[in-house]
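Indexing begins at 1, ligand by ligand and atom by atom, following the structure's order.
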Amino acid sequence: MPDPSKLLITVAPTGAETSKADCPQLPTTLDELLETAQRCQASGAAMIHVHIRDDQHRPTLELSRLTETVEALHENTDLVVQLSTGGSVHDRLEDRLKVLDAGPDSCSLTMGTTNFGDDVFSNPWPFVTELYQLTQERAVVPEFELFDLGQVHALHRLLDKHGLPYGGRVHCDLVMGVPGGMPGTADALVAAVNAMPDAVTSWSATGIGRSTLPVALAALSKGGHLRVGMEDVLTLAKGVPVEHNSQLVDRVVALAAIGQRRPMTPDETRELLNTRR
Ligand code: KMH
Ligand code: ZN
């Protein structure tokens, strides 16, 4: 039984949506990613959700770069390494399936197609089931990304048909406040958590943009874990840019302390998620 006073903090430092030109402090090179990862770990993060960039700072799923990134994160940090299989809205489904070849501990797995601002984040059902079965074969622990209530329902369907993930734990992340998905409100969070399958063993939440604080506070109140980072929010307050991902980790560590919750270590997270040793 996991200790309810412990808080898993996942940092999502880069994402695929923000350009380096618009945000020079966004970690886009491997050196910048490692520096961010180390500082965020020191601040209290235990898992890192990784999107990588090419030499021109554009999102890429190039396998050799992904593999090098996973190895470098393992060598230079203790963090649980979760690769994004969502990539950018422009990535091909076949390239997103190949992400698992890079050998991450965990990967994101989005439970359905979502309007994503003016774009479409495509996750057709056959792709979801193929990726899920691949995670089972490759011993990679999926984190189910839930952008709306319908995707919570889809998780019931997936688990009913294809069984539990590798390791037997079911970990979800509510991604809230995306234009096209569920709003980043306490009401939506409670509805989504209450609709989750009984098999869910842990969940975190993240609120995009201005919803980051309401979602973090609601998740803490409801006993959930947190994801923070510049993938999801670029300001600390109106007109105050995030200069480093560790500021976002520090802020939720402080919020959690008020609620008498302490950051979970990477090893405790490996136990929680039952990742491959
Ligand atoms: N960049 C978004 C289109 C994931 O990492 O799995 C998808 C995303 C979700 O960020
Ligand atoms: Zn992502």
Side-chain angles (χ1 to χ4, degrees), residues 9-20 22-23 26-28 33 36-37 40 45 47-54 57-61 65-66 69-70 73 79-100 102 104-124 127-128 130-132 134-135 140-148 151-152 154-155 158 165 171-182 184 203-209 211-212 215 226-234 245 248:
I9 300 173
T10 300
V11 64
T14 309
E17 281 69 43
T18 301
S19 75
K20 187 77 163 175
D22 287 344
C23 184
L26 190 76
T28 52
L33 181 68
T36 285
C40 289
M47 179 150 76
I48 186 162
H49 169 85
V50 180
H51 292 252
I52 62 165
R53 302 290 176 102
D54 65 14
H57 310 283
R58 293 173 308 210
T60 179
L61 293 179
R65 266 181 196 264
L66 284 170
T69 303
V70 171
L73 284 165
L79 295 169
V80 177
V81 178
Q82 177 184 94
L83 287 182
S84 167
T85 64
S88 88
V89 290
H90 307 294
D91 284 317
R92 298 179 318 168
L93 299 181
E94 58 257 48
D95 293 333
R96 291 169 52 193
L97 290 170
K98 290 197 193 110
V99 165
L100 296 197
D105 305 305
S106 170
C107 70
S108 58
L109 198 170
T110 296
M111 287 306 301
T113 295
T114 307
N115 280 319
F116 201 83
D118 293 341
D119 294 305
V120 176
F121 177 30
S122 187
N123 295 283
F127 169 76
V128 170
E130 187 176 351
L131 177 55
Y132 185 51
L134 211 51
T135 65
V140 175
V141 172
E143 174 180 277
F144 298 103
E145 309 293 340
L146 306 170
F147 286 72
D148 72 28
Q151 294 179 10
V152 182
L155 180 59
L158 186 79
H171 179 69
C172 301
D173 181 50
L174 301 172
V175 185
M176 310 185 68
V178 169
M182 64 184 148
W203 59 272
S204 61
T206 187
I208 304 299
S211 71
T212 189
V215 166
L226 299 177
R227 174 176 119 176
V228 294
M230 293 172 76
E231 173 165 346
D232 301 331
V233 63
L234 293 167
N245 277 285
L248 294 167

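By the 30° and 60° cut-offs, the orientation of the rings of F144 relative to Y132 is tilted.
Ligand-side atoms of ligand 1 in range of E17: 1 (N), 2 (C), 3 (C), range being under 4.0 angstrom from any heavy atom. Which parts of ligand 1 touch S108 is read off a 4.0 Å heavy-atom cut-off, strictly below it: atoms 4 (C), 5 (O), 6 (O). Atoms of ligand 1 found under 4.0 Å from any heavy atom of G86, numbered from 1 in the order shown, are 4 (C), 6 (O). Near S84, the atoms of ligand 1 lying under 4.0 angstrom from a non-hydrogen atom of the residue are 4 (C), 5 (O), 6 (O).
P27 has its side chain within reach of N245: a pair of non-hydrogen atoms, C-beta onward, lies under 4.5 Å apart. The side-chain heavy atoms of T14 and I52, taken from C-beta on, include no pair separated by under 4.5 Å.
Residue-ligand proximity: G87 is placed with a non-hydrogen atom under 4.0 Å from ligand 1.
Not one N or O of E145 is nearer than 3.5 Å to an N or O of ligand 1, by distance alone.
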- Assess whether side chain to side chain contact (heavy atoms under 4.5 Å, CB included) is satisfied between D232 and R227, documenting all intermediate values. CA-CA 9 Å; D232 301 331; R227 174 176 119 176; 2.9 Å; yes
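How far NE2 of H49 is from CD of Q82: 6.0 Å, rounded to the nearest 0.5 Å.
In terms of protein heavy-atom proximity, atom 10 (O) of ligand 1 is closest to E231 OE2, 2.9 Å.
Under the rule for a side chain to side chain contact (heavy atoms under 4.5 Å, CB included), the partners of P124 that lie at least two apart in sequence or sit in another chain are L93, T113, S122, P126, F127.
Across V128 and G112, no two heavy atoms sit closer than the pair CG2-N, 4.5 Å.
Side chains of T110 and N123: no donor on one and acceptor on the other come within 3.5 Å.
Within the protein, the number of N/O/S atoms found under 2.8 Å from the Zn ion (ligand 2) is 3.
When each of T114, D173, L109 is paired with E145, the side-chain contact (heavy atoms from CB on, under 4.5 Å) condition holds for D173 and for no other.
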